[in-house]
Amino acid sequence: QVQLVESGGDLVQAGGSLRLSCIVSGLAFDQYSMAWFRQAPGKEREGVATIAYNGSRAYYAPSVRGRFTISRDNTKNTLDLQMDDLKPEDTSTYYCAADGGRYGMGVSLNKHDYAYWGQGTEVTVSS
(Lines give C-alpha, C1' and ligand atoms only; values in the text may rest on other atoms or scores of the structure.)
Protein backbone atom coordinates (compact mmCIF):
# COMPACT_ATOMS: atom_id res chain seq x y z
CA GLN A 1 0.00 0.00 0.00
CA VAL A 2 1.00 3.64 -0.32
CA GLN A 3 3.04 4.97 2.58
CA LEU A 4 4.39 8.45 3.21
CA VAL A 5 6.61 8.87 6.24
CA GLU A 6 7.78 12.28 7.38
CA SER A 7 10.73 13.04 9.62
CA GLY A 8 12.80 16.00 10.77
CA GLY A 9 10.39 17.89 12.98
CA ASP A 10 11.89 19.46 16.08
CA LEU A 11 11.91 22.38 18.48
CA VAL A 12 13.88 25.32 17.12
CA GLN A 13 14.37 28.97 17.99
CA ALA A 14 13.00 31.74 15.84
CA GLY A 15 15.39 32.52 13.00
CA GLY A 16 16.65 28.97 12.90
CA SER A 17 16.39 26.28 10.22
CA LEU A 18 15.00 22.78 9.87
CA ARG A 19 14.89 20.26 7.06
CA LEU A 20 11.90 17.96 6.79
CA SER A 21 11.98 14.77 4.75
CA CYS A 22 9.33 12.42 3.46
CA ILE A 23 9.99 8.98 2.04
CA VAL A 24 7.33 7.46 -0.19
CA SER A 25 6.64 3.84 -1.02
CA GLY A 26 3.93 1.95 -2.88
CA LEU A 27 3.54 4.70 -5.47
CA ALA A 28 5.22 5.53 -8.78
CA PHE A 29 6.80 8.54 -7.08
CA ASP A 30 8.23 10.06 -10.26
CA GLN A 31 4.72 10.35 -11.75
CA TYR A 32 3.11 12.40 -8.98
CA SER A 33 3.36 15.99 -7.91
CA MET A 34 3.98 16.32 -4.20
CA ALA A 35 3.29 18.91 -1.55
CA TRP A 36 3.83 19.91 2.03
CA PHE A 37 0.90 21.02 4.15
CA ARG A 38 0.72 22.12 7.75
CA GLN A 39 -1.94 22.26 10.41
CA ALA A 40 -1.80 24.10 13.71
CA PRO A 41 -4.18 23.21 16.56
CA GLY A 42 -7.64 24.58 15.90
CA LYS A 43 -6.80 25.68 12.39
CA GLU A 44 -7.45 24.40 8.89
CA ARG A 45 -4.80 22.40 7.08
CA GLU A 46 -3.01 24.75 4.71
CA GLY A 47 -0.75 24.20 1.75
CA VAL A 48 2.86 25.30 2.16
CA ALA A 49 4.64 24.24 -1.03
CA THR A 50 4.17 21.96 -4.00
CA ILE A 51 6.50 20.57 -6.65
CA ALA A 52 5.88 19.11 -10.09
CA TYR A 53 6.21 15.37 -10.67
CA ASN A 54 9.55 15.91 -12.42
CA GLY A 55 10.78 18.69 -10.17
CA SER A 56 10.59 21.27 -12.95
CA ARG A 57 8.56 23.81 -11.04
CA ALA A 58 7.48 24.65 -7.52
CA TYR A 59 4.91 26.91 -5.95
CA TYR A 60 4.83 28.36 -2.45
CA ALA A 61 2.28 29.89 -0.15
CA PRO A 62 2.96 33.62 0.25
CA SER A 63 3.63 33.16 3.97
CA VAL A 64 6.69 30.97 3.32
CA ARG A 65 7.93 32.20 -0.05
CA GLY A 66 11.61 33.12 0.14
CA ARG A 67 12.12 31.17 3.37
CA PHE A 68 11.15 27.59 2.47
CA THR A 69 12.43 25.43 -0.39
CA ILE A 70 10.76 22.24 -1.58
CA SER A 71 12.79 19.62 -3.44
CA ARG A 72 12.56 16.00 -4.48
CA ASP A 73 14.82 13.13 -5.45
CA ASN A 74 13.01 10.81 -7.82
CA THR A 75 15.82 8.24 -7.60
CA LYS A 76 15.29 7.90 -3.85
CA ASN A 77 11.51 8.54 -3.63
CA THR A 78 12.08 11.37 -1.21
CA LEU A 79 10.57 14.82 -0.76
CA ASP A 80 12.25 17.51 1.32
CA LEU A 81 11.34 20.88 2.75
CA GLN A 82 14.17 23.19 3.76
CA MET A 83 12.83 25.78 6.19
CA ASP A 84 14.94 28.82 6.97
CA ASP A 85 14.32 31.93 9.05
CA LEU A 86 11.63 30.13 10.98
CA LYS A 87 9.01 32.14 12.83
CA PRO A 88 6.77 31.22 15.77
CA GLU A 89 3.79 31.24 13.39
CA ASP A 90 5.40 28.35 11.49
CA THR A 91 4.68 26.11 14.48
CA SER A 92 2.50 23.27 13.15
CA THR A 93 2.33 19.63 12.30
CA TYR A 94 3.72 19.25 8.78
CA TYR A 95 2.40 16.67 6.37
CA CYS A 96 3.64 15.49 3.00
CA ALA A 97 1.05 14.59 0.41
CA ALA A 98 0.88 13.03 -3.04
CA ASP A 99 -1.39 14.27 -5.80
CA GLY A 100 -4.53 12.32 -6.64
CA GLY A 101 -3.60 12.29 -10.33
CA ARG A 102 -0.45 11.67 -12.34
CA TYR A 103 1.92 14.14 -13.97
CA GLY A 104 0.77 17.16 -12.02
CA MET A 105 2.83 20.30 -12.52
CA GLY A 106 2.86 21.40 -8.91
CA VAL A 107 0.35 24.22 -9.10
CA SER A 108 -2.22 23.33 -6.45
CA LEU A 109 -2.11 23.88 -2.72
CA ASN A 110 -5.70 22.72 -2.33
CA LYS A 111 -5.78 19.81 0.10
CA HIS A 112 -8.67 18.24 -1.81
CA ASP A 113 -6.37 17.62 -4.80
CA TYR A 114 -4.16 15.28 -2.75
CA ALA A 115 -5.04 11.65 -2.20
CA TYR A 116 -2.21 10.28 -0.09
CA TRP A 117 -0.96 11.66 3.22
CA GLY A 118 1.71 11.00 5.78
CA GLN A 119 1.17 10.93 9.52
CA GLY A 120 2.87 14.28 10.11
CA THR A 121 5.92 15.61 11.92
CA GLU A 122 5.79 18.36 14.52
CA VAL A 123 7.65 21.63 14.21
CA THR A 124 7.76 24.04 17.12
CA VAL A 125 9.39 27.45 16.80
CA SER A 126 10.06 29.30 20.03
CA SER A 127 10.29 33.07 20.20
Side-chain angles (χ1 to χ4, degrees):
Q1 77 268 25
V2 178
Q3 284 191 312
L4 292 76
V5 180
E6 302 96 335
S7 62
D10 206 345
L11 170 64
V12 63
Q13 287 190 332
S17 297
L18 276 178
R19 188 174 186 89
L20 306 183
S21 294
C22 175
I23 186 162
V24 180
S25 60
L27 189 72
F29 182 75
D30 61 355
Q31 297 180 12
Y32 290 83
S33 66
M34 298 292 298
W36 286 96
F37 286 77
R38 67 186 182 187
Q39 187 168 18
K43 294 190 175 182
E44 291 286 322
R45 188 168 298 190
E46 62 172 351
V48 173
T50 180
I51 188 166
Y53 73 99
N54 58 3
S56 62
R57 63 174 289 174
Y59 177 74
Y60 298 89
S63 59
V64 307
R65 195 170 294 149
R67 300 188 297 121
F68 290 11
T69 303
I70 190 171
S71 61
R72 65 189 297 160
D73 186 337
N74 284 354
T75 66
K76 297 180 179 179
N77 286 13
T78 57
L79 176 75
D80 289 343
L81 185 69
Q82 177 66 40
M83 305 187 295
D84 298 317
D85 189 23
L86 282 160
K87 303 176 180 181
E89 52 264 41
D90 295 318
T91 295
S92 274
T93 300
Y94 284 72
Y95 300 88
C96 69
D99 199 340
R102 294 181 179 181
Y103 304 116
M105 289 306 295
V107 297
S108 173
L109 287 177
N110 185 331
K111 62 185 178 183
H112 299 293
D113 290 332
Y114 292 83
Y116 306 101
W117 295 85
Q119 83 290 346
T121 186
E122 291 193 17
V123 173
T124 302
V125 184
S126 63
S127 57

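Because only heavy atoms are used, hydrogens play no part in the values below, and waters and symmetry mates are left out as well, while side chains stay in. Predicted model, so just to flag it, every value in this text is computed and none were measured.
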- Note on the structure: The complete set of side chain to side chain donor-acceptor pair (under 3.5 Å) pairs with one or both residues in residues 8-18, sequence neighbours excluded, reads Ser17-Asp84
- Note on the structure: Sorted by chain and number, sequence neighbours left out, side chain to side chain contact (heavy atoms under 4.5 Å, CB included) with Tyr59 holds for Thr50, Arg65, Leu109
- Item | Gap separating the CE atom of Met34 from the CG atom of Asn74, nearest 0.5 angstrom | 10.0 Å
- Query: Any ring-ring contact (aromatic ring centres under 6.0 Å, His included) pairs touching residues 13-44, not counting sequence neighbours?
  - Reply: Phe37-Tyr114, Phe37-Trp117
- Task: Go through Leu20 and Cys22 one step at a time and tell me if the side-chain contact (heavy atoms from CB on, under 4.5 Å) criterion holds.
- Result: CA-CA 7 Å; Leu20 306 183; Cys22 175; over 6 Å; no
- From CG (Leu4) to OG (Ser25), nearest 0.5 Å: 7.5 Å
- Message: Taking Tyr116 as the starting point, is it possible to reach Ile70 by hopping between hydrophobic residues whose side chains are less than 4.5 Å apart?
- Response: yes
- Task: Find out if a path of hydrophobic residues (ILVMFWY) with successive side-chain heavy-atom gaps under 4.5 Å connects Phe68 to Val107.
- Result: no
- Query: With sequence neighbours excluded, what pairs up with Asp80 under the salt bridge (Lys or Arg N to Asp or Glu O under 4.0 Å) test?
  - Reply: Arg19
- Residues at least two apart in sequence or cross-chain that pass side chain to side chain contact (heavy atoms under 4.5 Å, CB included) with Glu46, listed by chain then number, are Arg38
- Note on the structure: For Ser33 and Asp99 the tightest heavy-atom approach is OG-OD2, 2.7 Å
- Message: How close do Gly47 and Ala61 get, counting heavy atoms only, and between which atoms?
- Response: O-CB, 3.4 Å
- Item | Heavy-atom closest pair, residues Leu79 and Cys96 | CD2-CB, 3.9 Å
- Got a sec, which residues hit salt bridge (Lys or Arg N to Asp or Glu O under 4.0 Å) with Arg57, two or more places apart in sequence or on another chain? none
- Output for pair (Asp30 CG, Asn54 CG), nearest 0.5 Å, gives 9.5 Å
- Take Met83 and Val48, measure what side-chain contact (heavy atoms from CB on, under 4.5 Å) needs, and give me the verdict at the end. CA-CA 11 Å; Met83 305 187 295; Val48 173; over 6 Å; no
- Sorted by chain and number, sequence neighbours left out, side chain to side chain contact (heavy atoms under 4.5 Å, CB included) with Val125 holds for Val12, Ala14, Leu86, Pro88, Asp90, Thr91, Val123
- Output the distance between atom CD (Gln39) and atom OG1 (Thr93), rounded to the nearest 0.5 Å. 7.5 Å
- Query: Who passes ring pair (Phe, Tyr, Trp, His ring centres under 6.0 Å) against Tyr53, sequence neighbours left out?
  - Reply: Tyr103
- Quick one: list whatever passes salt bridge (Lys or Arg N to Asp or Glu O under 4.0 Å) with Lys76, sequence neighbours left out. none
- Message: As an exercise, state the distance from OG of Ser71 to CG of Leu81, rounded to the nearest 0.5 Å.
- Response: 8.0 Å
- Any residue meeting ring pair (Phe, Tyr, Trp, His ring centres under 6.0 Å) with Tyr94, in chain and number order, not counting sequence neighbours: none
- Message: According to salt bridge (Lys or Arg N to Asp or Glu O under 4.0 Å), who are the partners of Arg72, at least two apart in sequence or on a separate chain?
- Response: none
- Query: Are Ser108 and Asn110 close enough that a side-chain donor and a side-chain acceptor fall under 3.5 Å?
  - Reply: no
- Message: Per the side chain to side chain donor-acceptor pair (under 3.5 Å) rule, what does the pair list look like for residues 118-127, sequence neighbours excluded?
- Response: Glu6-Gln119
